[in-house]
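All remarks here apply to the structure that follows.
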Amino acid sequence: MEQSFSIPISRRDFMKMAGMAAVGVLAENTLGGPDTVQAAARKAGTMTYAGKEIPVLFSVDVCVAGGGPSGTAAAVMAARKGVKTVLVERGVALGGLAVLGCVYPFMDTHAPDSDTPYVDEVKQRLRKHGIEPFDGVTRQTWHNPETLTLIYDEMCAEAGVDVLFQTVVVDTVVENRQLTACIVQTIAGLAAIKAKTFIDSTGDAFLARSAGVPYERGYEKTGNNQPLSFRFEMGGIDIDRLYQHVAVELKEDWCKSKPPYFEIAEAMHRKQRYKLEDLMAKGVESGEITQEEAEYMQAYTIIGKNGVMSMNCPEIPVKFSATDPVSYSKAVTYGRRMMHNIAAYLIRHLPGFEHAFISREAAMLGARESWRIRGRHYLVEDDYHNQSRYADAVCRTAWFIDAHGEKVSEKLPKGGFYEIPYGSLVAEEIENLIVAGRCISASFILQASMRIQPTCMSIGEAAGIAAAWGLKKGIAANEIAWSQIPAAERSYVSQ
């Protein structure tokens with residue numbers, strides 16, 4: 001006979017304990033408790049990879065790799081169109097370089113009416129969160145990194161996107177020109193994601209390269225990538241004093257906006273001359289900073305962060321490669337030292353920075369360019385100068401050719417722009433793959449124009465729409481005729 005035991009407890013305490021237990025069960029089953037991943041794997045099954053039996057975490061309609069500006073847009077739009085979508089992100093925040101890389105603000109495309117519906121929605125959501133993105137003068141989008149990633153979380157949740165954080169794509173499985181699965185490293189180990197259509201928004205074309213799509217990297221003439229950057233934020237800045245010194249005392253007038261929307265810059269290798277170049281040159285003469293550190297310095301106030309500026313520097317020397325893992329890793333430590341030297345010099349010599357400090361450093365280097373696919377259509381520099389138009393265009397831009405270290409072009413005439421065709425998002429080799437973001441099919445020089453974040457967002461938006469459309473109509477991703485999708489369902493229609 002089993003012995004019984006009892007613990008003295010009041011009815012009220014018992015009800016509290018029962019309620020807490022119920023909440024715990026609910027959390028375990030609905031909010032990502034320890035059994036959630038295993039349950040997902042049991043539902044999707046397992047597969048053999050490299051001699052191992054690994055779980056299939058998801059078997060979905062669309063898998064998007066990379067949660068940056070293009071990948072988040074692609075995932076949200078695909079899910080909104082009614083297809084089951086999973087988004088794989090290697091960090092712990094959506095937004096890519098805008099959030100993890102301190103790349104701020106969104107540059108202006110310089111093209112009229114370039115904002116596609118998704119881009120416009122992001123701006124409207126910023127306003128609802130108390131961040132006004134328009135400075136009243138320029139067309140840059142002044143956001144707030146922490147607010148932006150919250151907005152992306154909200155958009156994914158509302159659309160029904162499953163997001164996998166701290167998850168890195170490490171390989172692909174290809175059968176008969178079809179990408180059937182991607183292999184990912186999760187916090188629990190190796191796993192697989194199966195999908196009918198994949199969207200590569202890694203920025204480095206990793207899915208495409210792994211699946212056998214031809215690619216390029218670096219400048220065709222030199223092999224060099226655009227220089228990396230290691231951005232950071234500085235707090236404790238007296239913005240009013242800084243503005244007084246730069247805009248009033250130095251009479252620097254190229255920045256037309258005023259605090260809280262304010263920017264400072266100098267770039268010794270550009271045609272335009274900046275008043276702060278003298279300050280940085282003196283630092284080289286005194287030995288306080290190097291010529292490399294003085295070459296390029298830029299900073300923007302961050303809306304919603306009083307006294308904080310996003311530092312668009314240092315620009316790491318081009319001898320470091322964005323596509324070589326050893327060189328890239330050395331660039332991290334080299335760039336961090338440059339960062340601290342620049343910050344210390346500004347604190348000592350730039351009015352307004354007297355009490356400043358490094359408040360945050362980027363969680364990833366800023367890669368302006370790395371790998372690019374060779375797709376069905378290959379954009380080249382002439383497309384920029386000729387203002388090319390395409391029936392299957394997914395967006396337009398007029399951002400100038402901004403190839404740091406190689407070539408900086410003149411801007412197109414006011415009102416001018418060129419278009420990016422859907423054919424630059426797909427390749428012949430893999431039928432169910434769409435590439436979005438900075439790694440689409442384009443030459444080094446043309447990519448230096450289309451790489452800015454609003455353009456990448458519009459490309460991702462189109463990729464998500466196309467992926468859902470193709471699945472519903474039974475058309476391979478690389479055979480979709482964007483111009484044949486009803487205009488009301490497209491994010492952009494060429495005029």
Side-chain angles (χ1 to χ4, degrees), residues 65-66 68 89-93 95-104 166-171 185 202-210 215-234 266-269 280 283-284 287-299 310-346 357-372 402-407 437-439 444 447-448 451:
E89 166 54 38
R90 67 178 180 177
V92 295
L97 284 171
V99 175
L100 299 173
C102 299
V103 176
Y104 172 95
Q166 290 287 82
T167 301
V168 181
V169 178
V170 297
D171 203 356
Q185 177 67 38
T202 61
D204 297 320
F206 183 81
L207 271 184
R209 291 186 290 120
S210 176
Y215 61 87
E216 297 177 341
R217 56 182 171 181
Y219 190 21
E220 296 84 356
K221 294 182 179 180
T222 65
N224 292 333
N225 295 119
Q226 282 204 53
L228 295 158
S229 65
F230 198 161
R231 287 195 173 196
F232 62 107
E233 293 179 6
M234 292 188 72
E266 64 85 21
M268 294 183 177
H269 58 281
M280 302 304 282
V284 177
E288 293 174 85
I289 53 175
T290 66
Q291 184 62 43
E292 291 174 339
E293 291 158 354
E295 276 291 321
Y296 186 78
M297 186 276 293
Q298 188 177 30
S310 179
M311 310 297 293
N312 181 19
C313 52
E315 186 166 278
I316 300 172
V318 73
K319 64 183 179 182
F320 294 99
S321 171
T323 58
D324 179 276
V326 175
S327 180
Y328 181 98
S329 299
K330 291 181 178 179
V332 173
T333 53
Y334 196 93
R336 182 173 287 115
R337 175 48 52 195
M338 293 177 72
M339 175 200 306
H340 281 265
N341 288 344
I342 292 169
Y345 182 73
L346 295 178
F357 53 90
I358 295 175
S359 56
R360 178 190 175 204
E361 66 173 42
M364 58 193 298
L365 294 186
R368 296 176 171 91
E369 171 272 338
S370 54
W371 290 271
R372 312 176 310 278
D402 190 17
H404 290 230
E406 297 291 355
K407 182 174 184 176
R438 71 169 188 251
C439 52
F444 174 88
Q447 190 269 354
R451 64 185 173 84

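You'll find the side chain of His404 reaches within 4.5 Å of the side chain of Pro227, heavy atoms only. At least one side-chain heavy atom of Val332 sits under 4.5 Å from a side-chain heavy atom of Leu365. Within the 4.5 Å cutoff, no side-chain heavy atoms of Asn224 are placed close to those of Lys319. Side-chain contact between Arg451 and Gln226 is present, with heavy atoms from C-beta onward closer than 4.5 Å. Counting heavy atoms from C-beta on, the side chains of Met280 and Ile289 come closer than 4.5 Å.
In this structure, the separation between CE on Met339 and OG on Ser229 is 9.5 Å, given to the nearest 0.5 Å. One finds the NZ atom of Lys330 at 9.0 Å from the CG atom of Asp324 (value rounded to the nearest 0.5 Å). Within the model, atoms CZ of Arg438 and CH2 of Trp371 stand 9.5 Å from one another, a figure rounded to the nearest 0.5 Å.
For the pair Glu295 (side chain) and Glu292 (backbone), a donor-acceptor distance under 3.5 Å is absent. Side chain of Glu89 to backbone of Gln166: no donor-acceptor contact under 3.5 angstrom is found. No donor-acceptor pair closer than 3.5 Å links the side chain of Ser370 to the backbone N or O of Ala322. Judged purely by atom type and a 3.5 angstrom limit, Arg231 has no side-chain atom pairing as donor or acceptor with the backbone of Cys313. For the pair Ser321 (side chain) and Ser327 (backbone), a donor-acceptor distance under 3.5 Å is absent.
When the ring pair (Phe, Tyr, Trp, His ring centres under 6.0 Å) test is applied to Tyr219, the partners found at least two apart in sequence or on another chain are Phe444. Among residues two or more places apart in sequence or in another chain, the salt bridge (charged side-chain N to carboxylate O under 4.0 Å, His left out) test is passed with Glu288 by Arg348.
Taking the charged nitrogens against the carboxylate oxygens, Arg336 and Glu361 do have a contact shorter than 4.0 Å, which makes a salt bridge. Using a 4.0 Å cut-off between charged nitrogen and carboxylate oxygen, Glu315 and Arg368 count as a salt-bridge pair. A salt bridge between Lys407 and Asp402 is absent, with no side-chain N of the basic residue lying under 4.0 Å from a carboxylate O of the acidic one.
Ring geometry, Phe320 versus Tyr334: the interplanar angle falls from 30° to 60°, so the pair is classed tilted.
A donor-acceptor contact closer than 3.5 angstrom is absent between the side chains of Asn225 and Arg217.
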